[in-house]
Chemist: 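One structure is given below, represented as structure tokens, and several questions about it will come after.
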Amino acid sequence: MNKLTSILILLILTINSFGQTINVSDNLTLTQLTDNAYLHTCENSNGIVFINGEVALVVSTPDSDTETQNLIDWVQNEKHAEIVAYVIDRWHPDAMEGLDIVHKNGIKSYSYELTRQIAKDKGLPVPQIGFDPKIEIRVGSDKVICHFLGEAHTTDGIVVWIPSEQILFGGNEIRNYNGWVGNIGDASLDKWSETANRVKKEFGTAKIVIPGHGRYGGIELVDYTIALYKPCMQDSLKIKKDISLDKNFKTNEDFYISAETETIEDGNRILENAIVVVQDSTKYVKIASPLITYKPDENRIDSENGGLKIYDKTMPGEILRTDISYKRLTLFKKNDSVGLRIIIKEFNEQQ
């Protein structure tokens, strides 16, 4: 075998290694993106592992203590690298559920200062080191930049930039091409597009862009996100509906239901021309639709072609946070700390 053939074989093997899936457990996988960077995925939630020689940095925990420990073990035992920093990119459990395990392993944790404050307020584990709005973390001879650029999926979400790899972890600030808008339960819909614009201006040279969920891509994912949430910035967006959302409901119930007709199917309440009011500790959500299915056993609402308004209970006079029209919606209440998850599958067109 001549020298040129050996070089070609080595090149092919190197190219094929990128994109390769490593099964760490039944639920946790790793995908090699470059020589030094890996995508970790658990239950469709993404994070990053960046390794520089004998040290590493990890972004986002898997959605369980067990898988977080599995990820730490893989970095330490398989790659023989010390994790010098663990970055939490937002307060939601799919990004910090395993933070207790991170601390038990003696690993330093970092987050935007607002993430630390939200975690304290909700009685969640608190990242140790805060920054506002940006920090550069040394990983051996390289650096990783963590930057808060504005409200979007949550009020505290950050992006993470690895300059040497030209990789941008967009977290839930950036959407993938999966045909749905995402969880807007804690979102600032009117600011999301502007925030994504700032992300592009700051890190528009990214070769690889990692969304918080789903398939990674390039800078086109940032453009997709900018366009996706532009309708939410339009003052002219109206809710097309047959019943009003403006009725002033006052109730101590988590789910308050008003419907013209109601039937029961397999334990589910089928509501026609209905208004449902759902609340957690920080907000009221009022949903109006010709057809709503309420699943009591799951604390879940499914609806099509309706409108919703979200009110901020923490502000005097219950300030309106969001007013949109949707084609498909799912809402459920997970627990007291997480609160309401509002999944919009598709916006309605502007009226």
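Just so you know, residue 1 is the first one in the sequence shown, and it goes up from there.
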Chemist: About how many Å separate CD1 of Ile310 and OH of Tyr284, when rounded to the nearest 0.5 Å?
Modeler: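 One gets 14.5 Å once the value is rounded to the nearest 0.5 Å.
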
Chemist: Would you say that Tyr229 contacts Lys191 through its side chain, given a criterion of any heavy-atom pair below 4.5 Å between the two side chains?
Modeler: no

Chemist: Does this structure show an ion pair linking Lys200 with Asp223, if we count only N-O contacts that are shorter than 4.0 Å?
Modeler: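 Between Asp223 and Lys200 there is a salt bridge, with a charged N closer than 4.0 Å to a carboxylate O.
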
Chemist: Quick one, Ile270 and Tyr294 - any side-chain contact, counting heavy atoms below 4.5 Å?
Modeler: no

Chemist: Does one hydrophobic cluster hold both Val126 and Ile129, with members joined at side-chain heavy-atom distances below 4.5 Å?
Modeler: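 No, no single cluster joins them.
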
Chemist: In terms of the angle between their ring planes, are His147 and Phe203 parallel, tilted or perpendicular, with boundaries placed at 30° and 60°?
Modeler: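 His147 and Phe203: perpendicular rings.
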
Chemist: Please say whether more than 12 non-hydrogen atoms of neighbouring residues, nucleotides or ligands are located less than 6.0 Å from NZ in Lys104.
Modeler: no

Chemist: Rounded at 0.5 Å granularity, tell me how far CD in Glu151 sits from CG in Leu114.
Modeler: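 Going from the CD atom of Glu151 to the CG atom of Leu114 covers 8.0 Å.
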
Chemist: Look up atom OH in Tyr326 and atom CD in Glu346, then write down how far apart they are to the nearest 0.5 Å.
Modeler: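 Tyr326 OH to Glu346 CD: 13.0 Å, rounded to 0.5 Å.
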
Chemist: Measure the spacing between CG of Leu71 and OG1 of Thr41 and express it to the nearest 0.5 Å.
Modeler: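 These two atoms lie 10.5 Å from each other.
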
Chemist: Which of these passes side-chain contact (heavy atoms from CB on, under 4.5 Å) with Val59: Ile162, Val160, Ile210?
Modeler: Val160

Chemist: Do the side chains of Arg300 and Asp302 get close enough for a salt bridge, i.e. N-O under 4.0 angstrom?
Modeler: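 Between Asp302 and Arg300 there is a salt bridge, with a charged N closer than 4.0 Å to a carboxylate O.
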
Chemist: Considering all heavy atoms of both residues, which atom of Glu272 and which atom of Ala259 are nearest to each other, and what is their separation?
Modeler: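 Taking Glu272 first and Ala259 second, the nearest heavy atoms are O-CB, 3.8 Å.
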
Chemist: Can a donor-acceptor pair be found, under 3.5 Å and without considering hydrogens, that links the side chain of Gln32 to the backbone of Thr34?
Modeler: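 Checking the backbone N and O of Thr34 against the side chain of Gln32, a donor-acceptor pair under 3.5 Å is found.
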
Chemist: Please evaluate residues Leu57 and Val87 with respect to the criterion side-chain contact (heavy atoms from CB on, under 4.5 Å), reporting the C-alpha separation (whole Å), side-chain torsions for both, the decisive distance (0.1 Å), and the verdict.
Modeler: CA-CA 8 Å; Leu57 174 145; Val87 177; 4.1 Å; yes

Chemist: To the nearest 0.5 Å, how far apart are CG in Asn70 and CD in Glu67?
Modeler: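 So the gap between those two atoms works out to 5.0 Å.
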
Chemist: Taking the side chain as everything from C-beta on, heavy atoms only, tell me whether Gln166 gets closer than 4.5 Å to Trp161.
Modeler: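 Sidechains of Trp161 and Gln166: in contact.
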
Chemist: Shortest non-hydrogen contact from Ala119 to Met96?
Modeler: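 Closest pair (atom of Ala119, atom of Met96, distance): CB-CE, 4.3 Å.
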
Chemist: Cation-pi check, Lys286 to Tyr311: give yes when NZ or CZ is under 6.0 Å from the six-membered ring centre and within 45° of the ring axis, no otherwise.
Modeler: yes

Chemist: Minimum heavy-atom separation for Leu340 and Asn183, please, with both atom names.
Modeler: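 Closest heavy-atom pair between Leu340 and Asn183: O-OD1, 4.5 Å.
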
Chemist: Looking at Lys313 and Asp280, what are the two nearest heavy atoms and their distance?
Modeler: NZ-O, 2.8 Å

Chemist: If the threshold is 4.0 Å, N to carboxylate O, is there a salt bridge linking Glu113 and Arg116?
Modeler: yes

Chemist: Do you see a donor-acceptor pair shorter than 3.5 Å between the side chains of Asn105 and Gln69?
Modeler: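 There is such a pair between these side chains.
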
Chemist: Of the options Ser25, Ser60, Pro62, which is the one that meets Cys42 in a side-chain contact (heavy atoms from CB on, under 4.5 Å)?
Modeler: Pro62

Chemist: Given side-chain contact (heavy atoms from CB on, under 4.5 Å), test Ile264 with Arg269 step by step and report yes or no.
Modeler: CA-CA 5 Å; Ile264 304 296; Arg269 299 170 66 177; 3.6 Å; yes

Chemist: Of all heavy-atom pairs between Leu99 and Pro125, which one has the smallest distance, and what is that distance?
Modeler: CD2-O, 3.6 Å

Chemist: Go through the structure and list residues passing ring pair (Phe, Tyr, Trp, His ring centres under 6.0 Å) with Tyr112, not counting sequence neighbours.
Modeler: Phe148

Chemist: Side-chain contact, heavy-atom cut-off 4.5 Å: Asp312 with Lys283?
Modeler: no

Chemist: Hey, are the side chains of Asn52 and Asn36 touching, using non-hydrogen atoms and a 4.5 Å cut-off?
Modeler: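 No, side chains not in contact.
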
Chemist: Side chains of Val159 and Leu168: closer than 4.5 Å at any heavy-atom pair?
Modeler: yes

Chemist: Any pair with a residue in residues 128-139 that passes side-chain hydrogen bond (donor to acceptor under 3.5 Å, both in side chains), sequence neighbours left out, goes on the list, sorted by first then second residue, please.
Modeler: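 Pairs touching residues 128-139 that pass the test: none.
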
Chemist: Going by atom types alone, do Glu97 and Ser64 pair a side-chain donor with an acceptor below 3.5 Å?
Modeler: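 Result is no, nothing qualifies.
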
Chemist: Kindly determine whether Val285 and Val277 satisfy side-chain contact (heavy atoms from CB on, under 4.5 Å), including the steps that lead there.
Modeler: CA-CA 6 Å; Val285 179; Val277 180; over 6 Å; no

Chemist: Got a second to check how far Ile48's CD1 is from Asp89's CG, nearest 0.5 Å?
Modeler: 10.5 Å

Chemist: Would a 4.5 Å heavy-atom cut-off, applied to side chains only, mark Val209 and Tyr216 as touching?
Modeler: no

Chemist: Under 3.5 Å, is there a donor on one side chain and an acceptor on the other for Gln117 and Asp121?
Modeler: yes

Chemist: Is the number of heavy atoms from other residues, nucleotides or ligands within 6.0 Å of NZ (Lys295) greater than 12?
Modeler: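 Yes, because the 6.0 Å sphere around NZ of Lys295 holds more than 12 heavy atoms from other groups.
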
Chemist: Among Asp156, Thr154, Leu124, which residue meets the side-chain contact (heavy atoms from CB on, under 4.5 Å) test with Ile118?
Modeler: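 The side-chain contact (heavy atoms from CB on, under 4.5 Å) with Ile118 is passed solely by Asp156 among Asp156, Thr154, Leu124.
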
Chemist: Please tell me whether Ile324 and Leu291 are part of a single hydrophobic cluster in this structure, the criterion being side-chain heavy atoms less than 4.5 Å apart.
Modeler: no

Chemist: Examine distances only and state if a side-chain atom of Glu173 and a backbone atom of Gly171 form a donor-acceptor pair shorter than 3.5 Å.
Modeler: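 No, because the side chain of Glu173 does not come within donor-acceptor range (under 3.5 Å) of the backbone of Gly171.
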
Chemist: For the backbone of Arg90 and the side chain of Thr115, can you confirm whether one donor and one acceptor N or O come within less than 3.5 Å of each other?
Modeler: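 Flag not set: sc Thr115 to bb Arg90 has no pair under 3.5 Å.
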
Chemist: Ser193 side chain to Ile226 main-chain N or O, any donor-acceptor pair under 3.5 Å?
Modeler: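 Such a contact is found between Ser193 side chain and Ile226 backbone.
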
Chemist: Please name the residue in the list Arg341, His153, His92 that meets the side-chain hydrogen bond (donor to acceptor under 3.5 Å, both in side chains) test with Asp186.
Modeler: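 With Asp186 as partner, side-chain hydrogen bond (donor to acceptor under 3.5 Å, both in side chains) holds for just one option, His92.
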
Chemist: What's the verdict on side-chain contact (heavy atoms from CB on, under 4.5 Å) for Thr31 and Ile22, showing C-alpha distance, side-chain angles and the deciding distance?
Modeler: CA-CA 6 Å; Thr31 303; Ile22 303 166; over 6 Å; no

Chemist: Does one side chain, of Asn23 or Thr29, offer a donor that lies under 3.5 Å from an acceptor on the other?
Modeler: no

Chemist: Can a donor-acceptor pair be found, under 3.5 Å and without considering hydrogens, that links the side chain of Ser109 to the backbone of Pro127?
Modeler: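 No; judged by distance alone, with no hydrogens or angles, the pair does not exist.
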
Chemist: If you take all heavy atoms of Cys146 and Ile158, which pair is closest and at what distance?
Modeler: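 In terms of heavy atoms, the two residues are closest at CB-CD1, 4.0 Å.
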
Chemist: If you draw a 6.0 Å radius around CD in Glu54, do more than 12 non-hydrogen atoms from other residues or ligands fall strictly inside?
Modeler: no

Chemist: One pair to check against ring-ring contact (aromatic ring centres under 6.0 Å, His included): Tyr224 and Tyr177. What are the steps and the verdict?
Modeler: CA-CA 8 Å; Tyr224 171 71; Tyr177 294 120; 4.7 Å; yes

Chemist: A side-chain contact here means heavy atoms from C-beta on lying under 4.5 Å apart; do Thr293 and Ser303 qualify?
Modeler: no

